[in-house]
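Residue numbering restarts at 1 for every chain, and letters A, B, ... go by the order of the sequence lines. Note: hydrogens, waters and symmetry copies are ignored here, and every other heavy atom, side chains too, is used.
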2 protein chains.
Amino acid sequence: MIDRKEVRSLFKSKGVPLTHQRLAVYEELQARHDHPSAEDLYEKLRGDYPSLSLATVYKTLQTLHAMGLVSRVDSPASQARYDAVTAVHHHAVCDACGKIEDVFDPRLDDLPAPKASGFKPRAHSVHFHGLCAACAEGRRSNAARRSHHG
Amino acid sequence: MIDRKEVRSLFKSKGVPLTHQRLAVYEELQARHDHPSAEDLYEKLRGDYPSLSLATVYKTLQTLHAMGLVSRVDSPASQARYDAVTAVHHHAVCDACGKIEDVFDPRLDDLPAPKASGFKPRAHSVHFHGLCAACAEGRRSNAARRSHHG
DNA sequence: TCTTTTCGGATAATAATTATCCAAAAGGAG
DNA sequence: CTCCTTTTGGATAATTATTATCCGAAAAGA
């Protein structure tokens, strides 16, 4: 758990101004574990900060994410991608160009199910994040696709 | 590989009309493995079907997905969700109500990396899909959240 | 407190996706 | 093959999530 004092010094060390809004968003996010959306946070916080803007929540989340204080759940992909291969397989997503490769590996198909919590799993998928061969090799040409695909 | 004849009988068995557009989208999706978006498919197919509409591609993909002929890559979540827990952990997503639970299990933290293809992995995450305790128990009340969250 | 820089709020803009409406094509019976 | 009924496809408006823009306001440091 990162307390307020640590947060303050972390912002200072990175030269990022710590505003009331940023602290409020971060502390709200720390206090709950239901993975709220920007909208959810906005609805909750506007009670305490009536002048708060939804755009500010979005910008703040980007800032916190860039600092590594929060993480995004699910994919940052803005477009849905489809696949005619419905057999169980996994994916490797290139962070640089957005390319998605199939990963077939039987060792990934049978993973330990979530314990406790009463969750009934039906399926799972593993997403690897990293760099595809082309981008790892330094060919930045592919990066253009990123802006195109989101 | 599902050939045209099988596709035709599958549609018939489910009572879903098989149109030229549906067949075209499905066969194009079968022919490639770059996980195209609706937009990508539209751009490609409009050469052969000049009257094709983007909305039709979207509707067709939904139809094919509902029939289990194609799968969606990445998350179907329409809103980004955030988390103040940045330690390595995984997620269990309820297909009924959209709730996302954290899954901590060290056995999931060290999985075999994708072989070949030259992909350089930096991180990975496992997404379980299924039903949360409340939904599995039959409480449908939560389903309302789904439409709210997307 | 004063100055400079960066941020926050309001709102317009953008991007992806879905809803709407009617002509048109699919499926089945004869 | 033709007719009839039902469901789809095309064009476009609408919706939703997110980002950009512009200017007053707050933060950081001296």
Side-chain angles (χ1 to χ4, degrees), chain A residues 4 7-26 35-43 45-46 48-67 72-82 98 145-150, chain B residues 4 7-26 35-43 45-46 48-67 72-82 98 145-150:
Chain A
R4 192 174 296 194
V7 172
R8 204 170 285 283
S9 66
L10 183 57
F11 270 82
K12 177 167 281 185
S13 75
K14 300 213 176 191
V16 180
L18 177 58
T19 63
H20 296 135
Q21 292 90 337
R22 287 173 177 173
L23 191 59
V25 168
Y26 180 62
H35 308 80
S37 65
E39 181 80 35
D40 293 334
L41 290 167
Y42 171 65
E43 291 300 334
L45 291 172
R46 63 189 308 189
D48 296 315
Y49 301 82
S51 74
L52 184 68
S53 161
L54 176 59
T56 296
V57 176
Y58 274 102
K59 285 188 272 196
T60 298
L61 287 170
Q62 288 182 170
T63 302
L64 294 172
H65 186 235
M67 296 177 70
R72 276 181 74 127
V73 178
D74 285 324
S75 103
S78 53
Q79 280 182 307
R81 304 282 211 93
Y82 289 83
R145 283 198 65 191
R146 180 116 184 101
S147 58
H148 174 237
H149 273 105
Chain B
R4 192 173 295 192
V7 172
R8 203 170 285 280
S9 66
L10 182 58
F11 269 81
K12 176 166 283 186
S13 75
K14 300 213 176 192
V16 180
L18 177 58
T19 62
H20 296 136
Q21 291 91 336
R22 288 174 177 172
L23 191 59
V25 168
Y26 179 63
H35 309 80
S37 64
E39 182 79 34
D40 293 334
L41 291 166
Y42 172 64
E43 291 302 333
L45 292 171
R46 63 189 308 190
D48 296 315
Y49 301 82
S51 73
L52 184 67
S53 161
L54 175 59
T56 297
V57 177
Y58 274 103
K59 286 187 272 196
T60 298
L61 287 169
Q62 288 181 169
T63 302
L64 294 173
H65 185 235
M67 296 177 71
R72 275 181 74 127
V73 178
D74 285 323
S75 103
S78 52
Q79 281 181 306
R81 303 283 211 93
Y82 288 85
R145 283 197 66 191
R146 181 114 184 103
S147 58
H148 174 238
H149 272 104

Atom pair distance, as rounded to whole Å: [atom1] in [X] and [atom2] in [N]:
X	N	atom1	atom2	value
R46(A)	dA10(C)	CZ	C1'	13 Å
D40(B)	dA15(C)	CG	P	15 Å
L54(A)	dT16(D)	CG	C1'	11 Å
R81(B)	dA17(D)	CZ	C1'	13 Å
L41(B)	dT17(C)	CG	P	12 Å
F11(A)	dT6(C)	CZ	C1'	13 Å
M67(A)	dC7(C)	CE	P	11 Å
K12(A)	dG29(D)	NZ	C1'	9 Å

Problem set entry | Identified side chain to side chain contact (heavy atoms under 4.5 Å, CB included) counterpart of L18(B) within the set K12(B), R8(B), R4(B) |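 Between L18(B) and the candidates, side chain to side chain contact (heavy atoms under 4.5 Å, CB included) is satisfied uniquely by R8(B).
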Taking all atoms of both residues into account, what is the closest heavy-atom pair of [X] and [Y], and its distance?
X	Y	answer
S13(A)	L10(A)	OG-O, 2.8 Å
M67(A)	K14(A)	O-NZ, 3.5 Å
Y42(A)	L52(A)	CE1-O, 3.3 Å

If you only use heavy atoms from C-beta on, which nucleotide in [options] is closest to the side chain of [X]?
X	options	answer
P17(A)	dG29(D), dG9(C), dC7(C)	dC7(C)
A55(B)	dA19(C), dT8(D), dG10(D)	dA19(C)
Y58(A)	dT19(D), dA27(D), dA11(D)	dT19(D)
Q21(A)	dG9(D), dG8(C), dA17(D)	dG8(C)

Exercise. Closest nucleotide of DNA chain C for A38(B) versus for L18(B): which of these residues is on the 5' side?
Worked result: A38(B)
Problem set entry | First of T63(A) and P50(A) reached from the 5' end of DNA chain C, by closest nucleotide | T63(A)
For this session: Answer yes or no: is there a donor N or O on one side and an acceptor on the other, between the side chain of R72(B) and the main chain of L61(B), under 3.5 Å?
Result: no
Is there a side-chain contact between [X] and the phosphate of [N], meaning an N or O under 4.0 Å from OP1 or OP2?
X	N	answer
H20(B)	dA26(C)	yes
R22(A)	dG8(C)	yes
S53(A)	dG8(C)	no

Problem set entry | DNA chain D: 5'-proximal contact among Q62(A) and V16(B) (nearest heavy atom) | V16(B)
Exercise. If you pin K59(B) and T19(A) to their nearest nucleotides in DNA chain D, which one's is more 5'?
Worked result: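 In this pair, the answer is K59(B).
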For this session: Please work out if T56(B) contacts a base, only the sugar-phosphate, or nothing of the nucleic acid, heavy-atom cut-off 4.0 Å.
Result: base
